[in-house]
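Read the structure below first, then the notes.
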Amino acid sequence: MAPTIEKLCGNFKLGEAPFWDESSQVLYFVDINGYTINKYDPKTKKHTSAYVGKNVSIIIPVKGKKDQFVITLERELMLVTWDGVSPKPSKMVKLLEVDQNTKNVFNDGKCDPSGKLWIGTMGGPPVVIADIPLGKGTLYSIQNKKSTPHLTGIGIANGLAFNTELKKMYYIDSRTGTVDQYDWDTNKGSISNGTPIFTAKKNGLDGMVFDGMTIDTDGNLYVAVWGSRVIKIDPKKPETLLDTFHMPAKIISSVCFGGANLDELYVTSGQVGITPGPDDGATFKITGINAKGFAEVPVDLEKM
């Protein structure tokens with residue numbers, strides 16, 4: 001049986017950073033260029049949003065705290081309180097700032113299985129990809145209210161995924177056309193020996209942009225592609241394309257597993273730099289993919 005793609009809500013300027021909250025069984029995501037944090041409840045099919053006033057690239061629930069989230073505002077990490085209904089958060093507290101005195105902004109970020117946040121920056125807001133300066137971004141991990149740089153000279157810091165069994169971190173700089181693999185020291189929280197394991201040019205995807213990413217329980221990666229698709233690749237076998245899910249939107253920005261059994265794929269999309277069609281910028285759900293993912297990891301404030 002072929003996978004089924006369902007449009008859930010939208011259309012957003014640049015939907016991103018989907019996070020399936022296993023405890024509440026709802027989906028959170030952001031609209032980067034619309035300056036909103038968003039919630040979608042599959043049980044009621046209701047979408048709500050809150051305006052935060054600036055470029056916002058992630059929303060991650062805080063472990064053990066109701067209605068608290070870590071989000072970004074341009075170069076700042078913020079702790080916000082939002083009831084999931086009101087049009088604005090009730091409280092916003094700055095945690096830290098990176099890349100001071102630059103035009104950089106945070107982009108994609110995700111917690112590793114221990115609850116440590118990894119998040120990267122890029123040289124400006126995501127309006128037109130080609131206009132974002134190369135080499136301005138940095139990939140950080142955040143711990144004890146300090147940011148530790150791991151990779152520098154990044155074009156657009158993007159998708160992250162972690163394989164604890166193989167001790168690998170997978171990472172995307174959207175300006176390189178590759179998905180890269182790093183040895184990941186789970187004790188030291190460090191990465192090394194970066195190497196490309198999937199290349200757009202070698203797989204008939206030349207000119208397309210790799211964006212957000214997630215991993216299933218078999219270790220396969222699902223990569224959002226600015227090219228109307230999500231691709232499934234096997235990082236254990238470099239340059240192996242396993243499957244392609246063709247989407248009704250052009251700019252596919254990110255993915256995460258969700259649903260009661262973590263066997264549904266939630267997909268965000270955007271409208272930047274294009275003349276939007278009826279589905280561009282929508283959030284989607286793919287069912288029937290015959291795979292299961294891991295629960296998204298909330299932020300552990302004690303480690304921040």
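- The ring of Tyr266 has its center closer than 6.0 angstrom to the ring center of Trp20.
- Thr148 is linked by a side chain to side chain donor-acceptor pair (under 3.5 Å) to nothing, counting only residues two or more places apart in sequence or in another chain.
- The pair Lys167-Asp183 fails the salt-bridge criterion, with no side-chain N (NZ, NE, NH1 or NH2) lying under 4.0 Å from an Asp/Glu carboxylate O.
- Aromatic ring orientation, Trp82 versus Phe69: tilted (interplanar angle from 30° to 60°).
- Residue Trp226 is not grouped with residue Leu205 when hydrophobic side chains (ILVMFWY) are merged at heavy-atom distances under 4.5 angstrom, including chains of intermediate members.
- With contacts defined as side-chain heavy-atom distances shorter than 4.5 Å, the pair Trp184/Lys168 does not qualify.
- Among Ile215, Asp180, Val223, the one residue that satisfies the side chain to side chain contact (heavy atoms under 4.5 Å, CB included) test with Tyr170 is Ile215.
- The shortest heavy-atom contact between Pro89 and Tyr51 is CD-O, 3.6 Å.
- Relative orientation of the Tyr171 and Tyr182 rings is perpendicular, given thresholds of 30° and 60° on the angle between their planes.
- Evaluated for a side chain to side chain contact (heavy atoms under 4.5 Å, CB included) with Tyr28, the options Ile59, Ile58, Ile37, Asn38 yield exactly one hit, Ile59.
- Side-chain contact of Ser174 with Asn158: a donor-acceptor pair under 3.5 Å is present, judged by distance alone.
- Distance check: Asp280 CG to Leu14 CG gives 11.5 Å after rounding to the nearest 0.5 Å.
- Ring geometry for Phe210 against Phe198 counts as tilted: the plane angle lies between 30° and 60°, on a 0 to 90° scale.
- Residues Leu242 and Ile233 share a closest heavy-atom pair of CD1-C, 4.0 Å.
- Heavy-atom contacts from other residues, nucleotides or ligands closer than 6.0 Å to CD of Gln100 number more than 12.
- Taking every heavy atom of both residues into account, Pro113 and Thr164 meet most closely at CG-CG2, 3.4 Å.
- Side-chain contact between Val98 and Thr121 is present, with heavy atoms from C-beta onward closer than 4.5 Å.
- Phe19 and Val297 get closest at one heavy-atom pair: CE1-O, 3.4 Å.
- With values rounded to the nearest 0.5 angstrom, Lys7 atom NZ is found 6.5 Å from Phe284 atom CZ.
- Atom NZ of Lys46 sits about 13.0 Å away from atom SG of Cys9, to the nearest 0.5 Å.
- Counting non-hydrogen atoms of other residues, nucleotides and ligands closer than 6.0 Å to NZ of Lys136 gives a total of 12 or fewer.
- Ion pairing of Arg175 with Asp173 is absent here, as no side-chain N (NZ or NE/NH1/NH2) approaches a carboxylate O to less than 4.0 Å.
- Salt-bridge check for Arg75 with Asp99: failed, with every basic side-chain N at 4.0 Å or more from each acidic carboxylate O.
- A distance of 4.5 Å separates SG in Cys111 from CD1 in Ile60, rounded to the nearest 0.5 Å.
- One distance of note links CE of Met78 with CD1 of Ile71; it measures 6.5 Å at 0.5 Å rounding.
- Ring centroids of Phe162 and Phe294 are separated by 6.0 Å or more, keeping the two rings apart.
- Once rounded to the nearest 0.5 Å, the distance linking OG1 of Thr268 with OH of Tyr40 reads 14.5 Å.
- Of all non-hydrogen atoms in Ile252 and Val230, the two that sit nearest each other are CG2-CG2, 3.8 Å.
- Side-chain contact, Asn55 with Tyr35: no donor N or O sits under 3.5 Å from an acceptor N or O.
- Within a 6.0 Å radius of NZ in Lys188, other residues, nucleotides and ligands contribute 12 heavy atoms or fewer.
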